[in-house]
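Comments concern the structure below.
Computed over heavy atoms, backbone and side chain alike; hydrogens, waters and symmetry mates excluded.
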Amino acid sequence: MAKAGCPVCNGFSSLNVSCPDCGEWMEDRGRFFDSLAPYSPYRPIDDLKKTDGWIDRQTHQCPHQLQCQQCGYHEVRWVAEQLM
């Protein structure tokens, strides 16, 4: 049975996003829910999606934190999961 997964987390693609404030490339700081608690990166992803307060589980989206190293702008960018 195929399972959906984030192509960025699994290394199949990368996020190349320029900062809307200064135009520099933003750094992918990883999945948003990995920063929620000390052991979050070690919990199963589907388990985290049940408790993160977003509808990412139903929509098959992976929230990534992006930050501009130049000006400090940050945002969460949604990445569509794909069948793996």
Q) Taking all non-hydrogen atoms of both residues, which atom of Pro63 and which atom of Val76 are closest, and how far apart? A) CB-CG1, 3.7 Å
Q. Looking only at heavy atoms, which two atoms of Pro7 and Ala80 are closest? And how far apart?
A. CD-O, 3.4 Å
Q: Work out which heavy atom in Met84 is nearest to a heavy atom in Phe12; give both atom names and the distance.
A: SD-CE1, 3.3 Å
Q) For Tyr73, what residues pass the side chain to side chain contact (heavy atoms under 4.5 Å, CB included) criterion, not counting sequence neighbours? A) Cys19, Pro20, Asp21, Met26, Cys68, Cys71, Glu75
Q. At their closest point, which heavy atom of Ala4 faces which heavy atom of His60, and how far apart are they?
A. CB-ND1, 4.1 Å
Q.
Ignoring hydrogens, what is the shortest heavy-atom contact between Cys6 and Glu81? Give both atom names and the distance.
A. N-CG, 4.0 Å
Q: With sequence neighbours excluded, tell me which residues meet salt bridge (Lys or Arg N to Asp or Glu O under 4.0 Å) with Glu27.
A: Arg29
(Q) If you compare all heavy atoms of Leu66 against all heavy atoms of Asp28, which two are closest, and at what distance to 0.1 Å? (A) CD2-CA, 3.5 Å
